[in-house]
Number of protein chains: 2
Amino acid sequence: MATTNTGAGGPAQLVLTASVARRYYLDGRSKVEIAEEFALSRFKVARLLEDARSSGLVRIEIGHPGTVDVELSARLMEKLGLTHCVVTDTPDDHPASLREHLGVAAAELLSEVITPDDVLGLAWARSVSAMATALQHMAPVPVVQLTGALARPGADDSSIELVRDVARTSGGPAYFFYAPMAVPDAATARALRQQPEVARAFSLIGSVTKAVAGVGAWAPEQSTLFDSTSEAERAELASRGVCAEVSGVLIDIEGNTVPAGLTERMIGITAAQMRAVPEVIGIVYGTGKTLAVLAAVRSGMVNSLVTHSTLAEALIAEAER
Amino acid sequence: MATTNTGAGGPAQLVLTASVARRYYLDGRSKVEIAEEFALSRFKVARLLEDARSSGLVRIEIGHPGTVDVELSARLMEKLGLTHCVVTDTPDDHPASLREHLGVAAAELLSEVITPDDVLGLAWARSVSAMATALQHMAPVPVVQLTGALARPGADDSSIELVRDVARTSGGPAYFFYAPMAVPDAATARALRQQPEVARAFSLIGSVTKAVAGVGAWAPEQSTLFDSTSEAERAELASRGVCAEVSGVLIDIEGNTVPAGLTERMIGITAAQMRAVPEVIGIVYGTGKTLAVLAAVRSGMVNSLVTHSTLAEALIAEAER
DNA sequence: CACGATGGTGCTCATATGAGCGGGGGGTGT
DNA sequence: ACACCCCCCGCTCATATGAGCACCATCGTG
């Protein structure tokens, strides 16, 4: 260390290094050219540039003016091994505005990555609804409903219309059905799954290539499913390590599926089917969901994320622990 | 086309580009490695990086925290074709503080570039004095006085001691003499040049390899020589195009030596001898000297500069005209 | 003074990289 | 529908580049 520059060597060395760095980085000349120009060996030039970078004389910044924090996106993508990742630098003041912004970002992402050969699956979540609302253009693909809907009391979402809306924007066929996400008993669930529309949608799940879902944490207000579950069941599932919920599938902190009675009463995609989908985009906001997102990613069920900077930073910090 | 990205694509493209750029610039991976990692062709990677740079997604800045503006130094060096160049970003408030700072910078530069094989020549100038004061270490080399001293009224400079001081710091022999820079007539000058000490110093001028000088502009307060010249002579020389003065040599705006009666009455290095010195470092401050510095550099008598940012910028602007 | 440590330099050779080319593929205008 | 055009992609081959090595000067030390 402590080679020559910056701390030692003197101003001439410093200026020479700066000149070389300027020629190389800003003017785009090759090292050989620079070597000839300055009457140095190309090795010397390479070493100067090396020094210039390591000493901080040359600073390289990545970023762009806009709502997408590309740098953070790239870091999060790398850290979690994601397929795609979009992090907005929206200030996380109000959940609704956050959801709206992420909806726009997710819509852009989706319309970018969807190709005419894809089959799109949508899980029910408010954030996915927000995306549907923001969606403006998309290749015509089949759109498949992956889970039953779960209306929350006083919901203003046109949630049931989600799949139809997206299909309309897309121009492709819609495979949707009217059913709740969870029903009181397994028999009812089985019966519902026999329903023609449900069966039709479910038969397509295996061919879904891209899906969009929300990620819930197993806590109040952090998961629609949690909120619509009985007190006893909540506690029991929590005690069995349930940490996150993705399209009705329960996951523990390690990313393992947690089998439960609840599962049999669900109308929706299974964990195995979910994992089989090549790309699942999770739209998530709120730092309270940090561990849940980590779990969802570890489970292999979610491999792309659309989120905001504070959660992204929390995820990176947590993943580094 | 006008979505979010650099001009094409969507957020995924943007983030991919950012990831690639991060891996390349920040992590220093090769393009081939990146291509493998992202399952792209290396050409694609190269094109992404190309886009990232041209679109401004990747910003490269050169600079360092300190008093030396390396970026500006490099630019000025390139623009004027200098051998060395040090530009301090000292705010040019008061000439004395400026001189002091430049003295420090010049001292650092000199001690860096002087090797034991050099022979150092010093012209008389306050800025050179400032350098001498700031000088702390230097290879032991002979130090040669290049011009007579020119004390200005009420001078507090220990100017005559300049050569001796530097030689003392250096540890090498000092070749100095007590004589004024200009005398009333050519005969006196010739006689003075015969003086043993003067002759001894002058005999060494041919072997001087590095020299330090000030640069004066042919205007009041901009040149010691000007200030000690008669009104008539000032005007006459000005009318003959004299623009700058370096160690007693007069130069016009084109960089040509201006022959004058004054020249014959000078005790000091000649223009030809000056040009023969491989490296002459000029220490200059004050934007009023912009044209003078340009002339001095064009003349080939000065090929390194120690100056401050505003003058450096003025020089670049002027050189671009 | 001899010694090894140290750091800086330029070399060789395998590899990475750039410039320019041709070949689709999809959108467009008639 | 057809031809056309433009853009994007990956190839070839000459060149630039990096890793490691051997050499040399310098310097502190026994």
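In the text below, chain A, chain B and the rest are named by the order of the sequence lines, each starting its count at 1.
When every heavy atom of A/S41 is checked against every heavy atom of A/A35, the shortest pair comes out as C-CB, 3.8 Å. When every heavy atom of B/H84 is checked against every heavy atom of B/S304, the shortest pair comes out as N-OG, 2.9 Å. Across all their heavy atoms, B/N303 and B/V277 have their closest contact at ND2-O, 4.3 Å. The two residues A/V208 and A/L146 come nearest to each other via the heavy atoms CG2-CD2, 4.3 Å. In this structure, A/V166 and A/L122 approach most closely via the heavy-atom pair CG2-CD1, 3.6 Å. Contact between B/T169 and B/H137 at its shortest, heavy atoms only, is CG2-N, 4.0 Å.
When the C1' atoms of four end pairs are superposed on the next four at each end of the helix from C/dC1-D/dG30 to C/dT30-D/dA1, using five pairs per end, the two resulting axes differ in direction by 30°, to 10°.
Residues satisfying the side-chain hydrogen bond (donor to acceptor under 3.5 Å, both in side chains) test with A/H101, not counting sequence neighbours, are none. By the side-chain hydrogen bond (donor to acceptor under 3.5 Å, both in side chains) test, A/K210 pairs with A/D118, sequence neighbours left out.
Ionic pairing of A/R47 and A/E50 is not present here: no N-O contact between side-chain nitrogen and carboxylate oxygen is shorter than 4.0 angstrom.
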Within the 4.0 Å limit for protein heavy atoms, which parts of nucleotides 23-28 of chain C are touched? Write it as a string from 5' to 3', B for base, S for sugar-phosphate only, - for none. ------

Which side-chain N or O atoms in residues 72-83 of chain B pair as donor and acceptor under 3.5 Å with protein atoms at least two apart or in another chain?
residue: B/S73; atom: OG; partner: B/D69; partner atom: O; Å: 2.6
residue: B/S73; atom: OG; partner: B/V87; partner atom: N; Å: 3.0
residue: B/R75; atom: NH1; partner: B/E71; partner atom: OE1; Å: 3.3
residue: B/E78; atom: OE2; partner: A/R23; partner atom: NH1; Å: 3.3
residue: B/E78; atom: OE2; partner: A/R23; partner atom: NH2; Å: 3.3
residue: B/K79; atom: NZ; partner: B/E320; partner atom: OE2; Å: 3.3

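Put simply, A/S41 has no side-chain N or O that comes within less than 4.0 Å of OP1 or OP2 on C/dT9.
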At a cut-off of 3.5 Å, list every protein nitrogen or oxygen paired with a nitrogen or oxygen from nucleotides 16-21 of chain C, distance to 0.1 Å.
residue: C/dT17; atom: OP1; partner: B/K31; partner atom: N; Å: 3.0
residue: C/dT17; atom: OP2; partner: B/K31; partner atom: N; Å: 2.9
residue: C/dT17; atom: OP2; partner: B/V32; partner atom: N; Å: 2.8
residue: C/dG18; atom: OP1; partner: B/K31; partner atom: NZ; Å: 3.0
residue: C/dG18; atom: OP2; partner: B/K31; partner atom: NZ; Å: 2.7
residue: C/dG18; atom: O6; partner: B/R42; partner atom: NH2; Å: 2.7

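At whole-Å resolution of the value, CG in A/L48 and C1' in C/dG10 are 14 Å apart.
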